[in-house]
Amino acid sequence: MPKMRVGWITFTCSEDSTMVFLELLNKNFFEWDNRMEFAYCKVLKREGSVLQTKDVDVFFVEGAISTDDEEKKLRHIRNISKYVVAVGSCACTGMPSAQRNLFDKAMQAEIEERLLKHNLRKNVEPINKFIKVDDYVMGCPMGEEIFVKTLNKYFTLFGV
Ligand code: SF4
């Protein structure tokens, strides 16, 4: 039986929605394993690069965008995915990862050297600044119930 091909990636954030997802897998692994397979998910599969990943049905994106490299990967994800879902507040709205966008001039001057050192942009942005997003799973971290509801919606859509 065909399975839904899923991607999961983390950009700039504290990775807590990934922790929620792993906890959900503890409870749901055997049921979900019959219905989906991972095309890309670094916390579960070490091998593979996101830029070489292809043919994804639903890509879940956690975290905000703060580097050129993240933007490049995000645009690739959009090109190879039928649906892209933002998970957690950082991906959906930029916040709280984007707090430094609001720093005053003195504070921005203080962090400038660190931004340059790590190739970080001046501003941190939500993913919909760069690509079309099909669904949003809000929460900080993402809400379990809304995530499961969203996942079930795509299981139905892909007939798995
Ligand atoms: S949305 Fe909240 S919990 Fe999730 S990565 Fe951002 S800061 Fe962490």
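Order of appearance sets the numbers: ligands from 1, and atoms from 1 within every ligand. Sequential numbering from 1 along the given sequence is applied to the chain's residues. This one's a predicted model, so the numbers in the text were calculated from it and none came from an experiment.
Trp8 and Tyr40 have their aromatic ring centers separated by at least 6.0 angstrom. The aromatic ring centroids of Phe147 and Phe21 lie less than 6.0 Å from each other.
Nearest protein heavy-atom neighbour of atom 8 (Fe) of ligand 1: Ser14 OG, 2.2 Å. Atom 5 (S) of ligand 1 has as its closest protein heavy atom Cys13 CB, 3.1 Å. The nearest protein atom to atom 2 (Fe) of ligand 1, hydrogens excluded, is given as Cys140 SG, 2.2 Å; this is a heavy-atom distance.
Leu151 and Leu44 fall within the same hydrophobic cluster, defined by Ile, Leu, Val, Met, Phe, Trp and Tyr side-chain heavy atoms under 4.5 Å apart, directly or through other members.
Short contacts between ligand 1 and Glu15, defined as distances under 4.0 Å to a heavy atom of the residue, involve ligand atoms 5 (S). Close approach to Ser89 involves these atoms of ligand 1, each under 4.0 Å from a residue heavy atom: 1 (S).
Looking at Pro96, Ala91, Pro141, it is Pro96 that brings a heavy atom closest to atom 7 (S) of ligand 1.
The pair Lys82-Asp55 does not count as a salt bridge, with every side-chain nitrogen at least 4.0 angstrom from each carboxylate oxygen. Under 4.0 Å is where a charged nitrogen must lie from a carboxylate oxygen, and between Asp69 and Lys73 at least one such pair does.
By the criterion of a heavy-atom distance under 4.0 Å, neither the backbone nor the side chain of Met142 is placed next to ligand 1. Within the 4.0 Å heavy-atom criterion, both parts of Cys90, backbone and side chain, lie near ligand 1.
Remark: the backbone N or O of Ile65 is not paired with any side-chain donor or acceptor of Glu71 at under 3.5 angstrom.
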